[in-house]
Amino acid sequence: MHIIYLAGNSLHNKDWIEKVKLEFDDFSSGTILYYDHWSNGKEFIDVDGESENLKQLIKDQSNYCVFAKSVGSILALKTIYEKTFDPQKIVLCGHPYLLAKKMGLPIDTYLESLKIPITFIQNEHDPLYSFSDLEKTLKEHSPAHFSLVKNEGTDSHDYEDYPKLAEIVQNFFS
């Protein structure tokens with residue numbers, strides 16, 4: 001299986017996504033989308049620009065899955081909705097629902113229109129959006145085929161249990 005990796009916004013997510021990919025390389029091939037703002041000094045991702053970069057990254061790809069964290073999950077959902085990105089399955093961790101709202105994106109529509117299988121991994125007390133908040137949102141704006149995994153007792157936006165992430169992803173993508 002081939003995985004497209006979409007990280008979170010801040011530069012430390014570059015190292016994080018590389019560690020994730022290294023862990024996942026035991027059972028898959030993959031490609032990381034390296035965001036332009038990581039090298040050009042801007043503070044925040046240009047979602048439209050990265051949508052174009054993502055389109056170029058996958059232009060010769062078919063039959064791929066997606067693993068995304070935080071703002072990467074927003075990028076994935078937006079490009080799937082716009083039909084410029086067509087993964088077979090998707091895993092999102094640390095989904096920042098309120099950030100998407102703040103960005104003025106129709107995140108509810110993205111979720112409701114999603115037809116591919118999706119797994120959300122959310123820390124119980126993620127400061128950007130808690131597990132219980134996400135659970136409530138998904139009941140109201142449900143994708144067609146989803147599952148939700150809770151990292152119990154976790155109160156950060158970090159997702160660093162790499163073996164656990166690998167196990168969930170390998171089982172789901174297989």
Side-chain angles (χ1 to χ4, degrees), residues 1-21 24-25 28-122 126 128-129 133-134 137-138 140-146 148 157-159 165 169 172-173:
M1 96 189 59
H2 189 78
I3 300 174
I4 304 297
Y5 294 93
L6 306 174
N9 183 66
S10 65
L11 184 56
H12 82 272
N13 281 288
K14 178 181 174 283
D15 292 335
W16 177 84
I17 202 72
E18 289 172 344
K19 289 176 185 172
V20 168
K21 183 184 177 304
F24 292 13
D25 279 349
S28 66
S29 62
T31 309
I32 297 171
L33 177 63
Y34 287 93
Y35 301 143
D36 289 342
H37 77 282
W38 287 346
S39 60
N40 70 17
K42 293 191 177 174
E43 185 176 336
F44 199 73
I45 189 172
D46 172 3
V47 175
D48 292 331
E50 295 303 345
S51 294
E52 286 301 313
N53 292 341
L54 182 56
K55 191 186 313 184
Q56 291 304 311
L57 184 73
I58 61 160
K59 71 180 177 183
D60 297 325
Q61 295 286 333
S62 61
N63 196 25
Y64 55 89
C65 297
V66 175
F67 178 83
K69 176 186 183 256
S70 194
V71 79
S73 69
I74 295 171
L75 176 61
L77 292 172
K78 177 184 185 296
T79 53
I80 291 167
Y81 178 76
E82 294 171 346
K83 301 187 182 336
T84 59
F85 195 41
D86 189 26
Q88 303 298 305
K89 294 181 179 179
I90 184 168
V91 171
L92 305 180
C93 61
H95 181 63
Y97 177 83
L98 293 178
L99 176 60
K101 288 282 202 183
K102 184 178 178 182
M103 293 168 69
L105 298 173
I107 191 68
D108 297 333
T109 303
Y110 295 169
L111 292 170
E112 293 165 0
S113 67
L114 194 64
K115 304 295 183 219
I116 62 172
I118 183 169
T119 293
F120 293 87
I121 303 169
Q122 199 76 8
D126 188 315
L128 291 186
Y129 209 61
D133 288 339
L134 182 58
T137 295
L138 293 174
E140 295 171 9
H141 306 287
S142 177
H145 309 283
F146 79 93
L148 180 56
H157 190 58
D158 298 325
Y159 291 79
L165 291 174
V169 168
F172 183 62
F173 287 169

Trace of the side-chain contact (heavy atoms from CB on, under 4.5 Å) decision for Ile80 with Ile90: CA-CA 10 Å; Ile80 291 167; Ile90 184 168; 3.9 Å; yes

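- Aromatic rings of Phe120 and Tyr97 (six-membered ring for Trp) have centroids beyond the 6.0 Å cut-off, not under it.
- A 4.5 Å side-chain heavy-atom check between Leu92 and Phe67 finds every atom pair outside the cut-off.
- You'll find the side chain of Phe24 reaches within 4.5 Å of the side chain of Val169, heavy atoms only.
- Note: Ser51 OG to Leu33 CG = 9.5 Å, rounded to the nearest 0.5 Å.
- A donor-acceptor contact shorter than 3.5 Å links the side chain of Gln122 to the backbone of Tyr129.
- Looking at every heavy atom in both residues, Ser70 comes nearest to Pro96 through O-CD, 3.3 Å.
- If you take CD on Gln61 and CG on Leu57, they are separated by 7.0 Å, rounding to the nearest 0.5 Å.
- Shortest non-hydrogen contact noted between Ala7 and Val71 is O-CG1, 3.9 Å.
- Counting heavy atoms from C-beta outward, Phe85 and Tyr64 have side chains that approach closer than 4.5 Å.
- Using a 4.5 Å heavy-atom threshold, the side chains of Lys69 and His157 count as touching.
- In this structure, CG in Leu99 is found 8.5 Å from CG in Leu105, a value given to the nearest 0.5 Å.
- Contact check for Val91 versus Ile118: no side-chain heavy atoms found under the 4.5 Å cut-off.
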Verdict with supporting geometry, Asn53 and Gln56, side chain to side chain donor-acceptor pair (under 3.5 Å): CA-CA 5 Å; Asn53 292 341; Gln56 291 304 311; over 6 Å; no

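- Minimum interatomic distance between Tyr159 and Cys93 (heavy atoms only, all atoms of both residues): CD2-CB, 4.0 Å.
- Leu6 places a side-chain heavy atom less than 4.5 Å from the side chain of Leu54.
- Atom CD1 of Ile116 and atom CG of Asp86 lie 7.5 Å apart (nearest 0.5 Å).
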Side chain to side chain donor-acceptor pair (under 3.5 Å) between His2 and Ser28, intermediate numbers included: CA-CA 6 Å; His2 189 78; Ser28 66; over 6 Å; no

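- Between the side chain of Asp126 and the backbone N or O of Gly94 there is no donor-acceptor pair closer than 3.5 Å.
- Between His95 and Ile107, some side-chain heavy-atom pair lies under the 4.5 Å cut-off.
- Nearest heavy-atom pair, Ala68 versus Ser73, reported as atom, atom and distance to 0.1 Å: CB-N, 3.7 Å.
- Ile3 is not listed as a side-chain neighbour of Val66, based on a closest heavy-atom distance of 4.5 Å or more.
- A salt bridge does not link Glu18 to Lys21: none of the charged side-chain nitrogens sits closer than 4.0 Å to a carboxylate oxygen.
- The closest donor-acceptor contact from the side chain of Trp16 to the backbone of Asp158 lies at 3.5 Å or more, if one exists at all.
- Annotation: cation-pi pair Lys89/Phe172 present, NZ/CZ under 6.0 Å from the ring centroid and within 45° of its normal.
- Counting all heavy atoms, side chain and backbone alike, Cys65 lies closest to Gln88 at SG-CB, 4.3 Å.
- Nearest approach of Tyr5 to Gly30, heavy atoms of both residues: CE1-CA, 3.8 Å.
- Taken to the nearest 0.5 Å, the CG atom of Asp48 stands 9.5 Å off from the CG atom of Leu75.
- Rounded to the nearest 0.5 Å, atoms CG (Leu77) and OH (Tyr110) are 8.5 Å apart.
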Steps toward side-chain contact (heavy atoms from CB on, under 4.5 Å) verdict (Met103, Leu98): CA-CA 9 Å; Met103 293 168 69; Leu98 293 178; over 6 Å; no

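- Applying the side-chain contact (heavy atoms from CB on, under 4.5 Å) test to Asn40 and every residue at least two apart in sequence or in another chain returns Asp36, His37, Lys42.
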Chi angles and distances behind the side chain to side chain donor-acceptor pair (under 3.5 Å) call for Ser10, Asn13: CA-CA 6 Å; Ser10 65; Asn13 281 288; 3.0 Å; yes

